[in-house]
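Proteins get letters first, then strands, A, B, ... in listed order; numbering begins at 1 in each. Only a predicted model underlies this, so the values are computations on that prediction, with no experimental measurement involved.
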Amino acid sequence: MAFVTPLFLWLGAALVGIPLVLHLVMRRQSRRVTFPALRFVRSRFQVVRRRLRLRHWILLILRMALLFFLCLLLARPSLRPEGAGAGEESPVAAALVFDTAPRMTYRHRNQTRLEAAQEIAEWLLTQLPPDSEIGVVDSGTSSAAFAVDRAAARKQIGRLPISLRPASLPETIVKAHELLKTSPLERREIYVFTDLAATAWPEEQIAQAKRVLEDESRTGVYFVDVGVPQQEDAAISDLRLGREVTAGGNPVELEVECRRFGKPTSLTVAVFLRSAESRTDATDSYVKRSQRTIELETDGVARLPFSLGNLSPGIHQGFVAMEEETPLPANDRAYFTVEVRGAVPILIAAPQPPNRHALYLSQALAPEAFRRAGTATFDCSIVTYEELAATDFTNCAAMVLLDPPPLPEPIWNRIEDAVRSGKGLALFLGRRASPAEGWNTASLRRILPGRPVIQARAPAGDVYLAPRDYSHYALSPFRPLAGSIPWDLFPVYRYWLMEIDSQSAYVVAEYSDGRPAILEKTLGRGRVLLATTPVSDLPGEAPWNLLPVGQAWPFVILANQLGMYLSGAADIRLNYLPYEIVEAPASGRDSAATFLLERPPDIFAAGVSPEPPVRLQSDPATGRVLVPSTDRVGNYRLRAGIGESAYDWGFSVNFAAREADLTRLPEERFREWFGAAGTRLARTRQQLTREVSAGRSGFDLVPYLAFLFVMIFAAEQVLANRFYAERK
Amino acid sequence: MSSVVKYLKPEVARQIKRLDLRAEFIVKGFLQGLHASPFQGFSVEFSEHRKYVPGDDPLDIDWLVYAKTDKYYVKKFEAETNITGFLAMDASRSMGYTYRGEMTKFDYAVCLAAALCYLMIRQQDPVGLWVFDEVVRRTLAPQSRRSQLGNVLSVLAKLTPTGKTDIVGGLNRMSGVLHRASLIMIFSDLLAEEEPIIKALYRLKHRGHDVILFHILDEAEVRFPFTGMVELEDPETLDRLEVDATGVQAEYLRELEQFRERYRRECLRAGIDYVPLDTSMPFDKALTEYLLRRRARF
């Protein structure tokens, strides 16, 4: 508790004793009076004395309490944070914290939430005491400093940029608090401008902010709610692609999340693709390819799928958008980039007869019907091991060796070079891998993730493929079905036990007995996958496993994934979050070539003229082009050269899905979190003025004390009148 | 009437130093008031005569009355018209109390007794005196001569209230001495145990006496005007008690009222006139009571 005029406390301590002193002193001073009728006094004296004594004590206590409360009232007590300086006009070190997430551009009554915050903040600047230090801290910047003067602070406030990947407000508050600690001023205040969106207040970070605020109880914290309690909006977010790279004419599968904030509504959502001829990212260069309508309930969410087929090979960019206008345009659209390739060329080497040995794999990778229709993802070339030495590896994306024997060293050398240059290699070891000693050469030790040691047998059929996790790209399609894939229907009877190169190899998948089934090793720019059981058994041979046999859909999926993985499709990423570093492939280009990056327009800066492309160079060491600046959402395009050898690549940047979520935090929850730190929540200037005044001077106890004083005074008067009236 | 009222006020009568004159003053004031009052027909003077009827001794005709009225009236015999009165004065120390320092209860009683004596002598009623505290201090045999007034007043003027209260003793001795039915006028504050006093009063009545009990208290004893912390001291027992006067006032007055009420009730039952007085009250009430009692007797 603090007192504005503590002198009165000392005065009160002295005055409170006066009634007691008078009570004691008066008791002793009596005058002697001759009174013959004393017997009538004596007869009731004891009873009267007890009653009088009680009444005297009651009145004495009331009078002492009156004096006490009067002096306490004059001392003007208040409940204030520790260390708060006396007086409301002493300078403060103030940090103005702004949420600059994209959702702060929600427009209500012709004003965005950020503009509303800026308006209140500019008014607040005029209310802060002279000589105050003011820091403007927003959720998009990592550093904070005090402004030189009030005018500089005002400018800073007026130029607050929207951040595409804002920090949470608890983190920003901690940052602001660190700034305030550098100030010599005793009084500290933090003003947080927020729309109370739940995404800005992640629960796991609240504890840290609370700890900081509670440890430094002399910091006043004021929350200014600039949000709209009954907001109406619709959002497109969380765009997911089936594959970022498709091949062989397969359609591009994508889906988006449609979310409604407010009353039920009907949304029309369309997919737009940029035309191949377009050289700009202007909206009119996009063509609508598909449209759907969806009904959403109050605060409803739904996922809407789309399929885009008949795409020519190359980079395709587009966006999904709703046709309705909303108060928050920033979340009305989601961008995407996909690459469509021709059939991936896969070279398969198999024992004689190669087509029969490669039948299972080739049909899994390129089914006959798809191959005839020209829609097969892979283009398989099948050769014998004898022909392998003369085969050109240049035009294939990956090589598969089915049941290979130990090959001559030159072939392994060539294979090694091809892998190091970026191609993929897969080996399915089988019966022809014997003798195992043949795999213990220097080159094979460099190339392979392990060498076969001995064959393991499981004639009972109780061993099968059983991956422990499905995090690997090759197993990613199985993730949604993990635990329910019937691997046990495809037993493995024989497989090779491996001596694994523990330095460079790791296990992609295991058998049910725990032994490795598929191993991987990175070799230069390429990668090597080794399976310890074959997929090339001929009918009539004692099968090593039943993986590719019968309703072998798991094998088909696995084979396709392995093929995409080996061909480098997994390395290709075309869709990013803001501020992520993008490395564009530039292999095969002249390292001195100049790349031109076309950036999308800034959706938060209206009326800005189109910018010229940014010039970039590739990194000779990595063969990649580093794109340093992804600070805008939209579709980026990277080009170089002209004509047939022109380079054309692109990628998209979208907000994180949570940035489109406008769900408000219940005010009770907010107070529950920050109650101990003294939640002061205001929505208007008047409320803020009141909260700040209470925060600086503390919880004013004077009105309550005055009420108590009046009550005690009334009680004293009533009792005294009653006591004295009885006497009369 | 205002002058009559003035004569009957104790503070006015107190101004007259000589008790005989004071008594005359009070009585005259009273009588003048009677003429202007509903008691107008209540003529004290003519109560001593009756109309002459044949057979009466002509020597009994009062020629002064004939001179005044041209009518024949004969004097009543003393036996027919007179009552023997006794003034029984409580002279204990408590009777010497005065709150204002002006007229003590005893002074008041003496004034009253003197006035009654004056009135009775004028009525040619024999008046006697009996003064007591814890012992009988003075007595005067009843006489109707005018000199008796002087004798009584002389004794009363010299008395000072001392000693402890023994009203019972005084009344019992009186009762033993008086053989003839008399009008006993008791002047006391009765500040002693009630039960014995009441029995003594009953005894007086049983012996055929008429009793008027003038219960005289000081106005402070009646109103208890004290405030704050006081140490009350009984002048007879010297007992002391420190009290918050304001706090005990209500209870004291309640006790006093019960005390008076008991005497009122018992006197009514016994046929005794009970006249509660305090030193601030005019004397006419006491005097009226005397006259009513005298009238009722005849």
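Considering all non-hydrogen atoms of both residues, A/R42 and B/D239 come closest at NH2-CB, 3.3 Å. Residues A/V41 and B/L232 share a closest heavy-atom pair of CG2-CD1, 3.8 Å.
With A/P36 as the fixed residue, the side chain to side chain contact (heavy atoms under 4.5 Å, CB included) test singles out one of B/M95, B/R93, B/K105: B/K105.
The salt bridge (Lys or Arg N to Asp or Glu O under 4.0 Å) analysis of residues 191-201 of chain B, with sequence neighbours excluded, yields the pairs A/R39-B/E194, B/E194-B/R262, B/E195-B/R262. Residue pairs satisfying the salt bridge (Lys or Arg N to Asp or Glu O under 4.0 Å) criterion with at least one member in residues 227-237 of chain B, sequence neighbours excluded, are listed as follows: A/R32-B/E231, B/E233-B/R240.
At most 12 non-hydrogen atoms from other residues, nucleotides or ligands lie less than 6.0 angstrom from CZ of B/R100. When the shell of 6.0 Å around OH of B/Y202 is examined, it contains more than 12 heavy atoms from other residues, nucleotides or ligands.
Between B/Y99 and A/F35, the distance separating the two ring centers is not shorter than 6.0 angstrom.
In this structure, CG in B/L238 is found 9.5 Å from OG1 in A/T34, a value given to the nearest 0.5 Å.
Considering only residues two or more places apart in sequence or on other chains, A/E716 meets the salt bridge (Lys or Arg N to Asp or Glu O under 4.0 Å) condition with A/R63.
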Subject >> B/L191 and A/F40: CA distance, side-chain angles, deciding distance, side-chain contact (heavy atoms from CB on, under 4.5 Å) verdict >> reply: CA-CA 10 Å; B/L191 293 179; A/F40 302 121; 3.7 Å; yes
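For residues 159-172 of chain B, heavy-atom neighbours of chain A at less than 4.5 Å comprise no residues at all.
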